[in-house]
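To start, the structure itself, in structure tokens.
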Protein chains: 2
Amino acid sequence: MPARYEEIAADLRERISSGELRPGQRLPTERELALRYDASRNTVRDAVLRLRGLRLLESRHGLGTFVLEPPVKFAITLTPSEGTGSGGGEGRAWVDEVARQQRSARTSVPSVAIEQADEPQARELGIGVGDMLVVRHQQHFITDKGVDVPWSLRTSFYPIALVDRGATRLQRPEDIPEGTAAYLEQTLGIRQAGYRDRIWVRPPNDYEIRFFDMPPEGTVPVFVHQRVVTDTEGEPCRYTLTVYPADRNEFVIEADLPARDG
Amino acid sequence: MPARYEEIAADLRERISSGELRPGQRLPTERELALRYDASRNTVRDAVLRLRGLRLLESRHGLGTFVLEPPVKFAITLTPSEGTGSGGGEGRAWVDEVARQQRSARTSVPSVAIEQADEPQARELGIGVGDMLVVRHQQHFITDKGVDVPWSLRTSFYPIALVDRGATRLQRPEDIPEGTAAYLEQTLGIRQAGYRDRIWVRPPNDYEIRFFDMPPEGTVPVFVHQRVVTDTEGEPCRYTLTVYPADRNEFVIEADLPARDG
DNA sequence: AACGATTTGTTCGTATGTATC
DNA sequence: TGATACATACGAACAAATCGT
């Protein structure tokens, strides 16, 4: 026999999917639900808790519990696009990408730090553990109805050798309006030739929960998009981690299959 | 002031990250923790619940609460691979992919149904709503230490026109050992020329929770990988949805950026 | 196979804190 | 300020899963 709170959760779920409870609508109070289901308020809370975990409901302190809208997802395109050559670059590429989806974007002024590479960073960039890195961190926002919605957090790591060879603007906490890819090509002749992406999810950390305004229970995961860009020599020249709230985003990849002989 | 259960959760978290509580280890019982933290058992349970949501702990009925191992992720490669031309195909491609990672795989006998296309299916396949579809569903397993671990659920949709034109094995509930891609090419001369992938996450449904043996609270999401394959004419010929538990998998995409003139 | 001990799971009642209007 | 709603916390009891005897 299923638990009482499971039954209640199933019933509420049914009322939501049938349209009897519509997105945005407020549920009866926990007390009322307890009466209606002939259960204690705690049991009703357990049922609601389950549905909050499934992102069907949202409780607001002092206000009530509300049916959530099915989230509209923003598409993050990973396909190497001919036009801009962007696809997961730094600030500039991001703004271009958003503009393609008829939305407007803003990026924060980058923060810059010099750090020693830890094991995964060193492995991905093909350098030694403890070697110096330029770390550039940026917050990305999408402007919706005049308000900036926090959308992603991007941290890029560059070998310090690039700065030594002349790309000094990398270590200045300023935007690089033409994009870092173009900047590296102009100053050092380094052309981005290929990349390797990894995408996974994990629970958000405290910083991400605050920045994205996510539920603190950790029920909504974040996407982590890792990109390692290599130049024409096959040398890794950039390692980027971008974090997105997983309930508002999706990834899109378009590709042609290689033609075969025969 | 933070809630008591938050403090307890933070303390347990600290003990885990410091290594005082190691992966696999059992925590003290809820009663003991309640004594130690001078809190009620329910408050301790709230703290544990939070850490279960973050997939740091796991409770087993009748046994205790255990520290989880950081999950090792299986890589799903989406890059169009020259050799097999696989990358997200049906059964055959899956087994090849797993073999590349030194693991062995098994697929269930496909179940087949004929259904009417709903709106999203029709849109992706470029056919009309209500048009007939061949639906092939397969369960995928990875063999680890002699036991089959449920790994993914794949459902592919094909326009019924393909069957009418001669690809009759599509609607038989049998494996197609050479792969459906090769079969379609041999029988109809249809060659897969490109694809469009979408990747997102959502909470698991009841079937997925059972099949993958996931925690029923819905704290662990599933990846959904959608692939629409087009032939050399640009016509969609397959629409595939694959579901993976998100805590055991990651996606990998490798690509060369298109060369530019200049 | 049956039973008891242990541990988490479920449910209740109650009280108080705190955000919102 | 008061009323309303969810959030936190406690104590208690029984249910159900697991394991060893």
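So you know, we letter chains A, B, ... as the sequences are listed, proteins then strands, and number each from 1. The figures here come from the full heavy-atom set of this structure, side chains too, leaving out hydrogens, waters and symmetry mates.
- Distances shorter than 4.0 Å separate none of the side-chain N or O atoms of B/Arg45 from OP1 or OP2 on D/dA9.
- Look at B/Ser59 and you won't find any side-chain N or O under 4.0 angstrom from OP1 or OP2 of C/dT7.
- Going from atom CZ of A/Arg41 over to atom C1' of D/dT4 covers 11 Å, rounded to whole Å.
- Side-chain contact check for A/Arg26 versus A/Thr65: every heavy-atom pair is 4.5 Å or farther apart.
- Distances were taken from every side-chain heavy atom of A/Asn42 (C-beta onward) to each of D/dC6, C/dG13, D/dT8; the shortest belongs to C/dG13.
- Under a cut-off of 6.0 angstrom, the local environment of CZ in A/Arg123 is crowded, with over 12 non-hydrogen atoms contributed by other residues, nucleotides or ligands.
- The side chain of A/Arg52 places an N or O atom within less than 4.0 Å of a non-bridging phosphate oxygen (OP1 or OP2) of D/dA7.
- In this structure, the nucleotide among C/dT8, D/dA9, C/dT20 sitting nearest to the side chain of A/Leu63 is C/dT20.
- A/Thr43 has a side-chain polar atom (N or O) that falls below the 4.0 Å cut-off from OP1 or OP2 of C/dC12.
- Between A/Tyr244 and A/Phe251, the angle of the ring planes goes over 60°, which puts this pair in the perpendicular group of the 30/60° scheme.
- For A/Arg60 and D/dA5, the shortest distance from a side-chain N or O to OP1 or OP2 is not below 4.0 Å.
- If you take CG of B/Asp46 and C1' of C/dT11, they are 14 Å apart, rounded to a whole angstrom.
- A centroid separation of 6.0 Å or more is found between the aromatic rings of A/Phe212 and A/Tyr207.
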